[in-house]
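A short write-up of the structure that comes next.
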There are 4 protein chains.
Amino acid sequence: MNDYSFIFHSFQHRKIQNKVEGERVLKNNQKPKYKQIIDAAVITIAENGYHQCQVSKIAKQAGVADGTIYLYFKNKEDILISLFKEKMQQFIQNLSEIIAGKNTAAEKLLLLVENHFRILSEDHALAIVTQLELRQTNKELRLKINDILKGYLQLIDNILEEGIQNGEFAPALDIRLTRQMIFGTIDETATNWVMNDHKYDLVSLAPKIHQLLIHGCGNHH
Amino acid sequence: MNDYSFIFHSFQHRKIQNKVEGERVLKNNQKPKYKQIIDAAVITIAENGYHQCQVSKIAKQAGVADGTIYLYFKNKEDILISLFKEKMQQFIQNLSEIIAGKNTAAEKLLLLVENHFRILSEDHALAIVTQLELRQTNKELRLKINDILKGYLQLIDNILEEGIQNGEFAPALDIRLTRQMIFGTIDETATNWVMNDHKYDLVSLAPKIHQLLIHGCGNHH
Amino acid sequence: MNDYSFIFHSFQHRKIQNKVEGERVLKNNQKPKYKQIIDAAVITIAENGYHQCQVSKIAKQAGVADGTIYLYFKNKEDILISLFKEKMQQFIQNLSEIIAGKNTAAEKLLLLVENHFRILSEDHALAIVTQLELRQTNKELRLKINDILKGYLQLIDNILEEGIQNGEFAPALDIRLTRQMIFGTIDETATNWVMNDHKYDLVSLAPKIHQLLIHGCGNHH
Amino acid sequence: MNDYSFIFHSFQHRKIQNKVEGERVLKNNQKPKYKQIIDAAVITIAENGYHQCQVSKIAKQAGVADGTIYLYFKNKEDILISLFKEKMQQFIQNLSEIIAGKNTAAEKLLLLVENHFRILSEDHALAIVTQLELRQTNKELRLKINDILKGYLQLIDNILEEGIQNGEFAPALDIRLTRQMIFGTIDETATNWVMNDHKYDLVSLAPKIHQLLIHGCGNHH
DNA sequence: AATGAATGAGGATTCATTCAT
DNA sequence: GATGAATGAATCCTCATTCAT
């Protein structure tokens, strides 16, 4: 399954194609420099902040020369975008598989919230980068980020449509606004958690968030 | 009413007292330089983006010398913070007055969403600055912004507490999470609207958003 | 006596003439702003260094407005020059009187060294300004300083000429070079003392210095 | 001989090893950028004065980009310090070799004065920088300069100690004060020469200065 | 492919000085 | 005379990117 074919790798400038054959040959400590640099970028940007994170710092962390970065990425911005694309792609694939077998939309929504939180909880550096540093960019870059996000938002839309069809969700639901509520709520919760230095457990908030999203704050006895 | 006295003006070194008499005398083009610069900053930052907006551009737009900026603001960052503080203070006061006479928490929530959207709709430049440019800052600054936001979030909390007490809202509501849902949803909706170049009417979305926040996406017949 | 009439006050831009009549009227706490500013400058420049000492700091220390400085001094440089001129003038007058009654050139030289050191010892702030801060200026200003110094150097020359005539000093003495030795030695000694934070007694070095200047480092048994 | 190993090169971050092979290959116009920049700095600072000498001027004179300066020097101040360190190091080594073979302390002292004057005479730009521009700095920098000077002052001390031991100099000599006389005299003489636009011959003053330092101004028939 | 020395555009901020009051 | 708000020129340094090796 790949409903998310719109997330393709924009790697025209990459000189070496990461062919399946090519990767099979690589030893463990020889993981492709591309991923090596992305992993270094997550750590370095999380530690320093995007604007205080010089390309040379990423290069040092990745164990490559400054110039090597530019064999794999068009510019500094492209590292950030690629990083997000790469992580988002993995996230969406995992999430799709997790959700696949479930019957109800409500259950799928819970799993979405839970797993969103889990991914961030499992990688604090990544959480800092996506919740804080990724936003420190101009409108142009924000549009690219939104483009990458579309795959995730589509996942939400799918759940909503399924829920409406099987009667779990209100038939008159405005999909776009509901999606914005769901994503906005998850995102705000995650950002607060990061701003509070991850000092409480994020994943355990998922059921309550799920409850709020399904029933709202109203009193329905 | 002013529960939000914690939002005070940080401008201690300003020598000119804003006497009522003093202000009455001022011509339109002589409004205090402090506000003059803030207004210029909103326009200039919205047009250029925070990082592309040189202090000299703000000064030119404000009709003052570059150095004059530094008589009223500590540095470029302080302009951004002060701008947000100033606007937020006004917003919270207006909102407090609007909400004051209403009986139900639900009605108050609707007014909050509506007015939040209206403020942004009435000043597209301000919307761009608060939804996009204000975020392009490091964690330290984000903490200051959050501090200023507290007054607004407190307003939400007050509504929620009132709603719980009078039975409108679920008694078991987690105030913090619910506030994050409400703010997250409003914020995400507003940001999407800005990212779409304000091309649809934001205020008219308020009732639907309100409905979602109260009842969630579930089907409650 | 005033052989040093070449040290006149270059005060063309000073608005109020310090007439004798005018000064007689002044109360103690109303000493002319001119001296008030100079005293403030000595303290402030010594504390902060010439380049870190803003005109506004001097004004604050003197208890006057920034603009007032410019009623008494042409510019910041002029404060430094005037300060040195004022202090040097006093110094030369005092020294002249002290030396006047003495019979031998050697004794006069000793008194010169001693008093030079004593003046600096009695006012550490002044010592810092003359030995360190006054030098942090461009060549043009250094020429003006040298001009003011001429009065002092002339005093040395007079002693030397007298010493040669009465047979105390070597008849073939090169006045200019000897004066440079004397002044250079005193100045170097004083600067070292300031750089060492005045941590030893300067005045008590005078006899040894005097001995060195008269007899040199050679062994004359 | 190199008793002055305490003057080492502070340029730790320089990546290029000065291999003998490497240097042999270099054409004249390819001399290491470090020295290239220092030479440019001497000329440019002498011409413009330290404070009027923009880093970009030095870069232009050196034929490198502005940024290149900062690959070799920490900041503008570091150029000045390094320049002095570099020249002083050479000077001390040359002087040590020249003095090495001589028998009497008096002869060594004469050579020291002569060569001090000769170095300055041979490079008027360097003379301006060391006698005037180097002094236009704050106390912190002066301390660094003094530190570099220590090597030279030690040379003087060595001569004095030798002179005392072999009976040439007075046994009761205060080394520190005598060193201050010698250095102060040389320095004052040199500064006067620079302030007079090098318009007379400095080196030929050495014997007279030497005579003064050894015998003082007194009349010893 | 990989390197890293070299490049050079770009901007926030300070502070001596002025001048309307 | 005194004030102090306003002015605006002037510059060091960073760091993303290139390209010769």
Side-chain angles (χ1 to χ4, degrees), chain A residues 14-16 32-34 51-60 62-79, chain B residues 13-16 32-34 37 51-60 62-79, chain C residues 14-16 32-34 51-60 62-79, chain D residues 13-16 32-34 37 51-60 62-79:
Chain A
R14 212 166 144 198
K15 305 292 164 47
I16 301 177
K33 286 213 163 55
Y34 174 74
H51 285 115
Q52 312 316 322
C53 175
Q54 294 82 348
V55 171
S56 60
K57 268 188 193 156
I58 299 177
K60 198 172 183 183
V64 300
D66 293 16
T68 305
I69 301 270
Y70 291 86
L71 298 175
Y72 294 91
F73 300 91
K74 209 162 60 225
N75 50 36
K76 188 183 172 185
E77 219 172 52
D78 188 39
I79 303 175
Chain B
H13 61 291
R14 209 166 148 204
K15 299 294 165 39
I16 301 177
K33 288 212 162 51
Y34 176 74
I37 292 166
H51 285 115
Q52 309 316 319
C53 173
Q54 296 84 344
V55 172
S56 60
K57 269 187 192 156
I58 299 177
K60 198 170 183 182
V64 300
D66 292 17
T68 305
I69 301 270
Y70 292 87
L71 295 176
Y72 295 90
F73 301 91
K74 210 163 67 238
N75 50 36
K76 188 183 170 187
E77 214 173 56
D78 189 38
I79 304 176
Chain C
R14 210 166 147 201
K15 302 293 164 47
I16 301 177
K33 286 212 164 54
Y34 174 73
H51 286 114
Q52 311 318 320
C53 175
Q54 296 81 348
V55 172
S56 60
K57 268 187 191 154
I58 299 176
K60 199 172 181 181
V64 301
D66 293 16
T68 305
I69 300 270
Y70 291 87
L71 298 174
Y72 294 90
F73 300 90
K74 209 162 61 227
N75 50 36
K76 187 183 171 185
E77 218 172 52
D78 188 37
I79 303 175
Chain D
H13 62 290
R14 209 163 148 205
K15 299 294 166 38
I16 302 176
K33 289 212 160 50
Y34 176 74
I37 292 166
H51 285 115
Q52 309 316 319
C53 173
Q54 294 85 345
V55 172
S56 59
K57 268 187 192 156
I58 299 176
K60 198 170 183 182
V64 301
D66 291 17
T68 304
I69 301 271
Y70 293 88
L71 295 176
Y72 295 90
F73 302 90
K74 210 161 67 239
N75 49 39
K76 188 181 170 186
E77 212 172 58
D78 189 38
I79 303 176

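Convention: sequence-line order gives letters A, B, ...; per-chain numbering from 1.
Pairing each heavy atom of D:V55 with each of D:Y70, the nearest pair is CG2-OH, 3.6 Å. When all heavy atoms are compared, the tightest approach of C:K57 to C:Q52 is NZ-O, 3.3 Å. Scanning both residues, D:A59 and D:D66, for their nearest heavy atoms gives CB-OD1, 3.5 Å. Heavy-atom minimum distance, D:I58 versus D:I37: CG2-O, 4.0 Å.
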Checklist entry - With the sugar-phosphate defined as primed atoms, P, OP1 and OP2, and the base as all remaining atoms, what B/S/- string results for nucleotides 13-21 of chain F, 5' to 3', for protein heavy atoms under 4.0 Å? => result BBSSBB---
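Put simply, NZ on D:K33 is 15 Å from C1' on E:dG8, counting in whole angstrom units. Remark: P of E:dG8 and NZ of D:K57 are 20 Å apart, rounded to the nearest angstrom. Rounded to a whole Å, the OH atom of B:Y72 is 7 Å from the C1' atom of F:dA5. For the pair D:D78 CG and F:dC12 P, the computed distance is 14 Å after rounding to whole Å. Spacing between atom NZ of C:K60 and atom P of F:dT3 amounts to 15 Å, rounded to whole angstrom units. Nucleotide F:dG8 holds its C1' atom 17 Å from the CD1 atom of B:I58, rounded to whole Å.
Pairing of E:dT21, defined by two Watson-Crick or G-U wobble distances under 3.5 Å, is identified with F:dA2. Searching all strands for a Watson-Crick or G-U wobble partner of E:dC15 with both distances below 3.5 Å returns F:dG8.
We find the OH-OG1 distance between D:Y34 and D:T68 to be 15.5 Å, quoted to the nearest 0.5 Å.
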